[in-house]
Amino acid sequence: MQARSELATRPLSEASARLAIERIEMRTVRLALTEPFETSFGRIDSRLIFLVTMTGAGITGWGEVVAAEEPRYSYETVGTAKHVIRDYLAPAVLARPVTGLGDLARRFASFRGHNMAKAGLELAYLDLLGRVTGQSLTELIGGTQARIPVGVSLGIQPTIELLLERVEKYLALGYQRIKLKIKPGWDIEIVRMVREQHPEILLSVDANSAYQLKDLDHLKQLDDFNLLMIEQPLEHDDLIDHAKLQAHLATAICLDESITGAFRAEQALDLGSCRIINVKIGRVGGYSQALAIHDACYTRNVPVWCGGMLESGIGRAHNIALASLPGFSLPGDISASSRYFARDVIIPEVLVATDGTVHVPRGPGIGFEINLDYITAETQTVERIVALNGRK
Ligand code: OSB
Ligand code: MG
């Protein structure tokens, strides 16, 4: 395939607002899930949401650190992210005025890993920049889609009957793609049943690293079901075995956990480890890396889609903006707020239209109102980090 033409320069690359950040706040808010969510690494009933704000010029920007409470999907946790932001990242932000996303990313680059912590601050910064300059996130990053296609991720269920019910429910609501979480013992047969009931739908599976290369023959059975993709079947940090597996599978492999930044994405594509990439802003360390992955994949004609981490409306709003970029051609794991939560921290909540799309807001920053009363009522901890007087 021919490479696509270069992407137009995005406003963000030229944004030169000089923002002196006065304070950063870290806040945890516990939101109950409307139903438990189970994957190959466990089951949760509530989500400890980690919100981070950046305040400068009297305006506050909002971001979300998507780390979980336990180091299962990723080594990062709410606790490690608090530590890394408090002791390393926040001081780097507060040290002197921030001149752009690139400036921020360069300050974080010398700290290894901790991508979700870095991303939380990049999100807050971009919301702040949007509010200060009157631009929406989608405008800032060069988004082109006014509505984005979305799918739903269905956790492991107690029974196949319950799973089939869930599938029916979300298809009826309009979701364009169903993703089934799988693990050994909950894979071939459940996929067969769902596919039999729904021969035409976009269907994919996500193993969250539950298999090894020695399971090749087992996994090859999935080739019978015309799946859109198999997400992260092997080790969380592997590229090599995925390349070997992809060579034997007709179905496209999509990498999630293994893609921790733009450099890894390029390596995965060069090695043939996958044919599709799931982009999560948190996992890759923020907008700077997410945009770089998008641009690299767009140029190579590799489809990308926006993954999810059971975000509150704030993280969800950032995901919507990201998914408005032209290369996001497959439905994202961007469900309605009500898919997970009885009430969201933004107004209005995220809605999925009956055609399975979500509207991309055009208001400044994330384009949603922050429900501060609700956030305050549900807040468990708040920690404030302020600039020192000796700032240059
Ligand atoms: O692997 O994509 C994943 C949720 C938490 C951690 C990892 C994953 C997921 C999901 C749900 O699949 C995505 C969502 O709806 O937010
Ligand atoms: Mg995944």
Side-chain angles (χ1 to χ4, degrees), residues 37-41 73 149-157 160 163 166-167 170 175-260 264-265 267-280 283 293 297 301-309 328-333:
F37 190 76
E38 183 174 337
T39 62
S40 61
F41 38 68
Y73 168 83
V150 301
V152 68
S153 171
L154 298 180
I156 293 162
Q157 306 290 323
I160 175 74
L163 177 66
R166 288 281 176 283
V167 171
Y170 289 101
Y175 286 87
Q176 295 192 21
R177 182 228 63 206
I178 301 286
K179 163 171 136 182
L180 308 174
K181 291 289 189 180
I182 58 166
K183 65 176 183 183
W186 182 266
D187 50 15
I188 312 302
E189 288 318 307
I190 62 119
V191 174
R192 186 192 311 283
M193 303 260 299
V194 172
R195 184 45 103 198
E196 269 171 17
Q197 304 260 312
H198 305 282
E200 303 295 333
I201 61 168
L202 290 182
L203 184 63
S204 67
V205 295
D206 184 357
N208 288 113
S209 300
Y211 301 90
Q212 297 174 320
L213 191 56
K214 65 176 169 55
D215 302 318
L216 171 68
D217 288 336
H218 181 71
L219 291 169
K220 267 175 78 74
Q221 299 175 77
L222 291 170
D223 273 343
D224 290 346
F225 307 116
N226 187 28
L227 298 177
L228 187 58
M229 68 189 86
I230 302 174
E231 187 176 339
Q232 196 72 35
L234 309 180
E235 279 293 312
H236 71 98
D237 57 354
D238 168 77
L239 296 180
I240 308 294
D241 282 1
H242 279 104
K244 292 180 186 163
L245 179 63
Q246 181 67 90
H248 288 93
L249 285 181
T251 311
I253 290 178
C254 168
L255 288 178
D256 173 353
E257 285 90 326
S258 289
I259 307 300
T260 49
R264 291 276 289 174
Q267 285 187 321
L269 297 176
D270 288 346
L271 285 168
S273 314
C274 63
R275 295 191 201 131
I276 299 175
I277 290 179
N278 164 331
V279 186
K280 289 180 182 169
R283 193 195 66 230
I293 294 173
C297 290
N301 275 306
V302 172
V304 298
W305 56 282
C306 182
M309 293 289 293
F328 282 76
S329 53
L330 296 170
D333 275 348

- Less than 4.5 Å apart, any side-chain heavy atom of Cys274 and any of Leu269? yes
- Query: Any side-chain heavy atom of Ile178 sitting closer than 4.5 Å to one from Tyr170?
  - Reply: yes
- Message: Could you check whether Gln246 and Ser273, counting side-chain N and O atoms only, form a donor-acceptor pair closer than 3.5 Å?
- Response: no
- Check for a donor-acceptor pair, side chain of Gln176 on one end and backbone N or O of Pro149 on the other, with a separation under 3.5 Å. no
- Message: Given 3.5 Å as the limit, does a donor-acceptor pair link the side chain of Arg264 with the main chain of Ser258, or not?
- Response: yes
- Task: Answer yes or no: is there a donor N or O on one side and an acceptor on the other, between the side chain of Tyr175 and the main chain of Val167, under 3.5 Å?
- Result: no
- Are side-chain N/O atoms of Asn278 and Glu231 paired as donor and acceptor at under 3.5 Å? yes
- Do any N or O atoms from the side chain of His242 and from the backbone of Ile253 form a donor-acceptor pair under 3.5 angstrom? no
- About how many Å separate CD1 of Ile188 and CZ of Arg195, when rounded to the nearest 0.5 Å? 13.5 Å
- Message: Between Ser40 and Asn208 (side chain of the first, backbone of the second, donor and acceptor by atom type, cut-off under 3.5 Å), is there such a pair?
- Response: yes
- Task: Kindly say whether His248 contributes a backbone atom to a donor-acceptor pair with the side chain of Lys220 at under 3.5 angstrom?
- Result: yes
- Assess the side chains of Asp187 and His218: does a donor N or O sit below 3.5 Å from an acceptor N or O? yes
- Lys179 versus Val152: any side-chain heavy-atom pair under 4.5 Å? no
- Item | Arg166 (side chain) donor-acceptor with Leu154 (main chain) under 3.5 angstrom | no
- State, with a plain yes or no, whether a side-chain heavy atom of Leu219 is found less than 4.5 Å away from one of Pro233. yes
- Which atoms form the tightest heavy-atom contact between Gly308 and Lys280, and what is the distance? O-CE, 3.3 Å
- Working to the nearest 0.5 Å, report the span between CG of Asp237 and CG of Leu234. 11.0 Å
- Query: Are Thr251 and Asp223 close enough that a side-chain donor and a side-chain acceptor fall under 3.5 Å?
  - Reply: yes
- Query: Going by an N to O cut-off under 4.0 Å, is there a salt bridge joining Arg177 and Asp333?
  - Reply: yes
- Backbone N/O of Phe41 and side chain of Glu38: donor-acceptor pair under 3.5 Å: no
- Query: Is any side-chain heavy atom of Leu163 closer than 4.5 Å to a side-chain heavy atom of Trp186?
  - Reply: yes
